[in-house]
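Notes follow the structure.
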Amino acid sequence: MGSVSHDDVEPVTERRHDNSWSANLEKSVHAEERDIVVTQAKDAVEHTSPGNHVNLVTHGNHGHPETYLYDELRAAFDGVDLEYVEQCGCGGHVTRVHVSSDTSTNAAERNEEETMED
């Protein structure tokens with residue numbers, strides 16, 4: 001792992017979603033790089049407006065998202081509600097992240113992570 005730069009990966013989204021939506025984190029780069037899955041999952045939550053949810057569809061190579069993603073999301077966002085939906089027929093996993101008006105970004109942590117990546 002670690003062979004792909006985050007700068008070389010197409011963003012999961014570049015706009016604010018004022019509705020519920022799904023983020024595809026099952027591409028080949030996601031299969032190879034768990035840290036890109038985590039980073040883009042956080043980006044997806046940040047781009048979801050309160051009152052909506054984002055379905056994070058993660059690659060099966062990393063196993064159940066509870067083992068590597070849930071703690072990362074809880075650390076990055078206060079008040080986030082995570083719901084495991086199902087395992088897809090292809091082996092991937094769907095986690096629904098409910099974003100409420102109480103959900104806030106732990107900006108200090110995000111800034112620290114971004115600084116470490118540079």
Side-chain angles (χ1 to χ4, degrees):
M1 291 180 40
S3 62
V4 177
S5 167
H6 287 246
D7 295 333
D8 296 334
V9 178
E10 181 181 336
V12 68
T13 189
E14 295 183 278
R15 68 176 184 89
R16 165 79 61 207
H17 292 264
D18 295 324
N19 58 344
S20 295
W21 66 291
S22 295
N24 180 3
L25 305 174
E26 286 191 297
K27 296 178 182 174
S28 59
V29 68
H30 299 109
E32 298 167 13
E33 303 287 339
R34 180 187 288 183
D35 60 327
I36 291 175
V37 173
V38 172
T39 298
Q40 289 197 335
K42 290 176 184 177
D43 290 344
V45 173
E46 285 181 348
H47 285 84
T48 304
S49 295
N52 297 289
H53 68 262
V54 57
N55 290 320
L56 302 175
V57 185
T58 55
H59 203 283
N61 279 10
H62 307 299
H64 196 292
E66 185 176 39
T67 64
Y68 67 93
L69 185 58
Y70 288 18
D71 287 345
E72 294 278 349
L73 292 174
R74 287 184 181 116
F77 303 97
D78 293 328
V80 71
D81 182 29
L82 307 173
E83 172 191 356
Y84 183 75
V85 177
E86 68 181 348
Q87 184 170 16
C88 305
C90 65
H93 297 270
V94 180
T95 298
R96 183 165 294 152
V97 182
H98 298 273
V99 178
S100 71
S101 58
D102 296 333
T103 301
S104 62
T105 304
N106 184 341
E109 179 177 307
R110 286 300 299 250
N111 289 339
E112 181 180 315
E113 286 177 3
E114 291 169 5
T115 301
M116 290 173 44
E117 291 174 3
D118 292 340

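Because the structure is a prediction, the values reported are computed rather than measured. Nothing fancy with the numbering, it's 1 onward along the sequence.
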Margin query: Keeping E72 on the side-chain end and T39 on the backbone end, is there a donor-acceptor pair under 3.5 Å?
Written below: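 Checking the backbone N and O of T39 against the side chain of E72, no donor-acceptor pair under 3.5 Å is found.
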
As an exercise, state the distance from [atom1] of [X] to [atom2] of [Y], rounded to the nearest 0.5 Å.
X: N24; Y: T58; atom1: CG; atom2: OG1; answer: 10.5 Å
X: F77; Y: E46; atom1: CZ; atom2: CD; answer: 4.5 Å
X: C88; Y: H59; atom1: SG; atom2: NE2; answer: 10.5 Å
X: K27; Y: E33; atom1: NZ; atom2: CD; answer: 15.0 Å
X: L25; Y: H93; atom1: CG; atom2: NE2; answer: 12.5 Å

Next item on the list: Look at the side-chain heavy atoms of Ile, Leu, Val, Met, Phe, Trp and Tyr, link any pair under 4.5 Å apart, and say whether L69 and V94 land in one connected group.
Entry: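 Unlinked, L69 and V94 end up in two clusters.
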
State, yes or no, whether a side-chain contact exists between [X] and [Y] at a heavy-atom distance under 4.5 Å.
X: R74; Y: L82; result: yes
X: V97; Y: H53; result: no
X: V45; Y: V99; result: yes

Check: For A44 and A23, which heavy atoms make the closest approach, and how far apart are they?
Finding: CB-CB, 3.9 Å

Next item on the list: Any ring pair (Phe, Tyr, Trp, His ring centres under 6.0 Å) involving residues 16-46? Give me the pairs, sequence neighbours left out, ordered by first then second residue.
Entry: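 Non-adjacent pairs meeting ring pair (Phe, Tyr, Trp, His ring centres under 6.0 Å): H17-W21.
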
Margin query: My understanding is that only residues two or more places apart in sequence, or in another chain, count here; which of them pass ring pair (Phe, Tyr, Trp, His ring centres under 6.0 Å) with Y68?
Written below: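 Per chain and number, Y68 pairs via ring pair (Phe, Tyr, Trp, His ring centres under 6.0 Å) with H62.
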
Check: Under the side chain to side chain contact (heavy atoms under 4.5 Å, CB included) test, which residues partner D18, sequence neighbours left out?
Finding: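 Side chain to side chain contact (heavy atoms under 4.5 Å, CB included) list for D18, sorted by chain: R16, S49.
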
